[in-house]
Amino acid sequence: MKPASFDYFDPESVEEVLDLLHQHGDEAKILAGGQSLGPLLNMRLSTPQIIVDINRVTDLEYYNSDDTGLKVGAMTRQSTLEDDNNLKNIQPLLAASIPYIGHRSIRNRGTVGGSVAHADPAAEWPAIMLTLDGTVLIRNSTSSRTVDASDFYLSALTTDLKSDEMLVEIQIPSWAKTSGWSFVEFSRRHGDFAVLGVATHLTIENRQCTKSRIAIIGGGPIPIRTRKAESMLTGETISDELLKEAAEQASKEIDPDSDMHASAEYRHHLASVLVSTALRKAADRADEQGGK
Amino acid sequence: MVQDTKHTSNKTRLVKLTVNGVAYERVVEPRLTLVDFIRGELGITGTHVGCEHGVCGACTVIFDGYPVRSCIMLAVQAHSHSVQTVESMSTGDQLHPIQQAFWENFGLQCGFCTPGFLLTVQDLLSRNPDPTDTEIREELSGNICRCTGYQSIIAAVKQAAIYMRKEE
Ligand SMILES: Cc1cc2nc3c(=O)[nH]c(=O)nc-3n(C[C@H](O)[C@H](O)[C@H](O)COP(=O)(O)OP(=O)(O)OC[C@H]3O[C@@H](n4cnc5c(N)ncnc54)[C@H](O)[C@@H]3O)c2cc1C
Ligand code: FES
Ligand code: FES
């Protein structure tokens, strides 16, 4: 058999999951969609003694939105969001990014909580969370806490989650009416992890940029918000030249590795091109929303 | 239903499920993957195993109506669920229209990848009965074929779409 042996639990409630994590801590691993953990188990790169399968915790399969924003339960499958035609009206950046996650059969199983918690440096969800000022709701058996996405990602595949904690919900605040967005990604084939990807969000009021977010995936061990580039835009009037300069700056703020898909140098170059494209699109969309 | 699984320990579990409409019951170790269960325990060998880490699509099965990769699911996760494999497509000697189209268009050579392609195409055409070339390529980008070079598979899918629309 491929995976090393483990004890298996498949509780039906969040409380039971948290009790198990409390009892077993470091030895236990949560199994959500299994689209990242499954391969790791098969290759025995991960050999937990205990698997806590949360697929029966149907209470965590939900999403809802109101004036304050969007909330998504951790066990919501990617394809559930993908199939909601109304999602593009609620959160267009999210709706546009989800089809980039792997393939349909991956999205049928893969969960929002799993993607956010797994923290793959090339995954789409972490960039979406950073760009949209998302927060994660985390629980253990005694308490709960909320963490900003920008404080959640610590290093490659590592987040602020402790071994007795579970991510239960992600929250995305609603944005200003005159916001524009863009998600662009370069990969060798559709569905592959990104060689590099960029998510942006600009709010423009009376021609002035009042908020800017730029997040890059595939540009280092964690998804990166290029804050210096962001601050070059905030408070300014958008021009082609300024967007280009910001894109140049953004490409300096990443720290990519060379691997078989691309060299670090190429990724730097790709970042300046993709950020520039993404910012232009976001600015145009903000203008269409009346930001002009 | 869940009680059934609890009467065994956390080291072995009873799995009751239906595969292609037939009910089965086996006691297995939780670490057994669904594809090894279907092939090894049940002896239903149409589903193929390639990469065993979710990348090639050969092991695709339909789980409660949706395509999934059975090499990165555990057999115990299929307890009280229903699975369909490529064997569910044809009836006796009568090929499914998608199989017919693959046959006519040389959509396979060695056939290793074919079970995964057929079920993925079945799902694609159920959601999108008249896909463009680009859509077909995108949807099939998760299935790897080392023989055909894909052109003949694209042709087969277009033909299959026509057959399926006629059937309706
Ligand atoms: C071929 C292939 C291509 C892929 N391509 C992409 C891609 O392009 N982009 C992309 O973003 N992803 C891609 N993925 C990964 C996929 O999106 C995974 O589904 C996702 O990264 C993890 O979600 P999951 O629900 O499957 O989590 P699992 O694999 O079950 O878990 C992943 C990790 O997160 C932990 N975890 C899960 N849920 C929780 C929770 N609620 N609280 C705390 N910890 C939790 C687990 O313990 C584990 O460590 C791909 C996967 C495959 C196999
Ligand atoms: S064998 Fe399952 S995806 Fe390759
Ligand atoms: S026909 Fe041989 S791998 Fe596809």
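Here is how names work: the chains are called A, B, and so on, in the same order as the sequence lines, proteins then strands, and each is numbered from 1.
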field: Interface moiety of A/H190 toward chain B, non-hydrogen atoms closer than 4.5 Å
entry: both
- request: Check each atom of A/I106 against the heavy atoms of chain B and say whether the ones under 4.5 Å are side chain, backbone, both or neither.
  value: side chain
[X] atom [atom1], neighbour heavy-atom count above 12 within 6.0 Å:
X	atom1	result
A/N89	CG	yes
A/Y62	OH	yes
A/H22	NE2	no

About how many Å separate [atom2] of [Y] and [atom1] of [X], when rounded to the nearest 0.5 Å?
X	Y	atom1	atom2	answer
A/R56	B/Q77	CZ	CD	9.0 Å
A/K2	B/L32	NZ	CG	13.0 Å
A/R188	B/S141	CZ	OG	14.0 Å
B/R69	A/Q35	CZ	CD	8.0 Å

Charged N-O contact under 4.0 Å between A/D10 and B/R13: yes
Please classify the contact between [X] and chain A as side chain, backbone, both or neither, with a heavy-atom cut-off of under 4.5 Å.
X	answer
B/L74	side chain
B/R127	side chain
B/E139	side chain
B/N143	neither

message: Test your reading of the model: is there a side-chain donor-acceptor pair from A/N108 to the backbone of B/V68, 3.5 Å cut-off?
response: no
task: Return yes if some donor-acceptor pair links the side-chain N/O of A/N42 with the main-chain N/O of B/C71 below 3.5 Å, else return no.
output: yes
Closest-packed option against chain B by number of heavy-atom pairs under 4.5 Å, given A/L41, A/L40, A/D83, A/D7: A/D7
query: So which of A/A4, A/P39, A/G33 has the biggest tally of heavy-atom pairs under 4.5 Å with chain B?
result: A/P39
State, yes or no, whether a side-chain contact exists between [X] and [Y] at a heavy-atom distance under 4.5 Å.
X	Y	answer
B/T60	A/R104	no
A/F6	B/K11	no
A/S79	B/Y66	no
B/F63	A/R109	yes
B/E29	A/P3	no

- prompt: Using non-hydrogen atoms and a limit below 4.5 Å, what part of residues 91-100 of chain A faces chain B?
  reply: none
